[in-house]
Amino acid sequence: MVSMDKVLIFDTSLRDGEQSPGVALSAQDKLEISHALARMRVDFIEAGFPASSPGDFEAVSQVAKDVKGSAIAGLARAVARDIDACWEAVKYAEHPRIHVFVSSSDIQMLHQLQKNREEVLEMARSMVAHAKQYCSDVEFSPMDATRSEPEYVYRMLEECIEAGATTVNIPDTVGYAIPEEFGEFIRNIRENVSNIHKAVISVHCHNDLGLSSANSLSAVINGARQVECCVNGIGERGGNAALEEVVMAIKTRGDLFGVSTNVDTTHISRVSRLMSQRTGMMVQPNKAIVGANAFRHQSGIHQDGIIKLRETFEIIDARDIGLTRGGLIVLNKNSGRHGLKSRLEEIGYEITNEELDRVFVAFKELADKKGEIDDRDLEALVSEERRTVEEAYKLDLLQVSCGNQLLPTATVRLLGPENQEMATTATGTGPVDASFKAINSLIDLPNELVEYNVNSITEGIDAQGEVTVRLEADSRTFVGRGADTDIIVASAKAYLDALNRLLASQGRKEAVATTP
Ligand code: KIV
Ligand code: ZN
């Protein structure tokens, strides 16, 4: 009988994932995602980089105060002020961790830090010791480890463990490693770092060559017992190892790995959708585990096999990641408040009575329009209800006329901060353009729309459309989303959501245009 060792899952979606170009999460977004990650039972949530901005400091503190069940980590460079800020933010957590990093490759030490090996070694050692004064759980990462001289990395790890690091994380920062080579590196660390038994070996792999999950798994085979990863594989450049790939590979091939994780995999699908909603980063349809096609079969031969015995062409049961197939639990307009509440609880929402009142009204309206409501619709309804930003401007009315012989025209009425009505009409190249122009002439918030995406939440012609917009203003990015069975309404809601976020970031309550 193989002993099922645990591989700890360290989710860095809110830190490295947030470093994805164009992603900007508010403190409320981070809080909501952290609760979902904790419910999924990841062992660690790296909530941010507290010294990087006052906003991130605040977000990490809030996560540390509110989220129970998972340990909360913050990132810090090997400098005292970063570590001090990190501790101030994570100290409220049930289980706080300080994650200290410094470069170990010659190319980064010489050209970026402009320090020699001995100087960097001393920074690493002394700053781990500094972090240890605050926190018993200290993780240390030699950045760019895979392009560093191995003997130097061994020495650095040894000194950092001696100074108090309880986890040593080996980053493949630029996604350069190849699985066999990376596994061997981990094995060599175990053999060449004399005090390695006092620390957990972790890995953190980037996906520049598309090998981040393979590298992480090769490390697990060679003794790594923590994997750092992001939901949907988001992250800097090509991203990080995808949490769902690492976790499901370990689960599906338990025969080979002989290890398990603490993750409740039935949350994967929902957390994946939440992550893409909040970050605005869509998941490609053929993405392993969480892509829309991951459990779809096109070939007749495959379909025939699946009908006879699912395992003929599937290695994962969709229910294991929280997808229900065939026996989809569907609510409809006859479902009551109680039925709605219990289904929401079953799919992981803790919902207050006031929230339920509002979601129930929206649920009935939607059920009247589209008949059957499944879990994905419910998630969209709760997400609409729980907008993670103060809604200074709300859509009250939208009417458009368009067509191949008409000038697209939109009439928009908004409710402003004091519930005052404001309305105007605009024309545009299409109904979305006309609606956005009308909104722009009511709200004075200059911005550049850099992305517009529309997706269908469920199958079927009557499905809700989910719109994500990304806009830039004040050298920052704001992501907004909206859902509705009418995609023009969803578009207007998404645009207003992004504008409300922009307004909140400026600490303003209103931005009424003077000449609508
Ligand atoms: O990729 C990397 O090296 C990192 C470190 C800060 C761990 O993200
Ligand atoms: Zn990274």
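Heavy-atom basis, side chains included; hydrogens, waters and symmetry copies ignored. We count ligands from 1, going down the list as the structure has it; atoms in each ligand are counted the same way.
When the options Glu151, Glu149, Glu122 are evaluated for a salt bridge (charged side-chain N to carboxylate O under 4.0 Å, His left out) with Arg117, the one that passes is Glu149. Tested against Ile289 for a side-chain contact (heavy atoms from CB on, under 4.5 Å), the candidates Asp320, Asn232, Ile316 yield a single pass: Ile316.
If you check which protein heavy atom lies closest to atom 3 (O) of ligand 1, you get Thr173 OG1, 2.6 Å. Of the protein's heavy atoms, His204 NE2, 3.5 Å lies nearest to atom 4 (C) of ligand 1.
Residue Pro179 comes nearest to Leu211 through the heavy atom pair CD-CD1, 4.0 Å, listed as atom of the first residue, atom of the second, then distance. Nearest heavy atom pair, residue Asn169 against residue Ser141, reads ND2-OG, 2.9 Å. Residues Asp137 and Pro96 approach most closely at CB-O, 3.5 Å, considering heavy atoms. Across Ala249 and Phe257, no two heavy atoms sit closer than the pair O-CE1, 3.6 Å.
For ligand 1, the polar-atom distance check against Asp144 finds no nitrogen or oxygen pair separated by under 3.5 Å. Every N/O-N/O distance between Asn169 and ligand 1 stays at or above 3.5 Å.
Separation of atoms SG (Cys230) and CD (Glu244) is listed at 9.5 Å; rounding is to 0.5 Å. Note that CG of Leu75 is 5.0 Å distant from CZ of Phe101, once rounded to the nearest 0.5 Å. Arg386 CZ to Glu355 CD: the interatomic distance, rounded to the nearest 0.5 Å, is 4.0 Å.
At a heavy-atom distance under 4.0 Å, only side-chain atoms of Arg15, from C-beta outward, approach ligand 1. Only the side chain of His206 comes within 4.0 Å of ligand 1, judged by heavy-atom distances. Counting heavy atoms under 4.0 Å from ligand 1, residue Asp16 touches it through the side chain alone.
Shown are the protein N/O/S atoms under 2.8 Å from the Zn ion (ligand 2), given by residue and atom: Asp16 OD2, His204 NE2, His206 NE2.
Within the 4.0 Å heavy-atom shell around ligand 1 one does not find Glu228.
Evaluation of the salt bridge (charged side-chain N to carboxylate O under 4.0 Å, His left out) rule for Arg15 yields Glu46 as partners, not counting sequence neighbours.
Close approach of ligand 1 to Met143 is summarised as follows: ligand atoms under 4.0 Å from at least one heavy atom of the residue are 3 (O).
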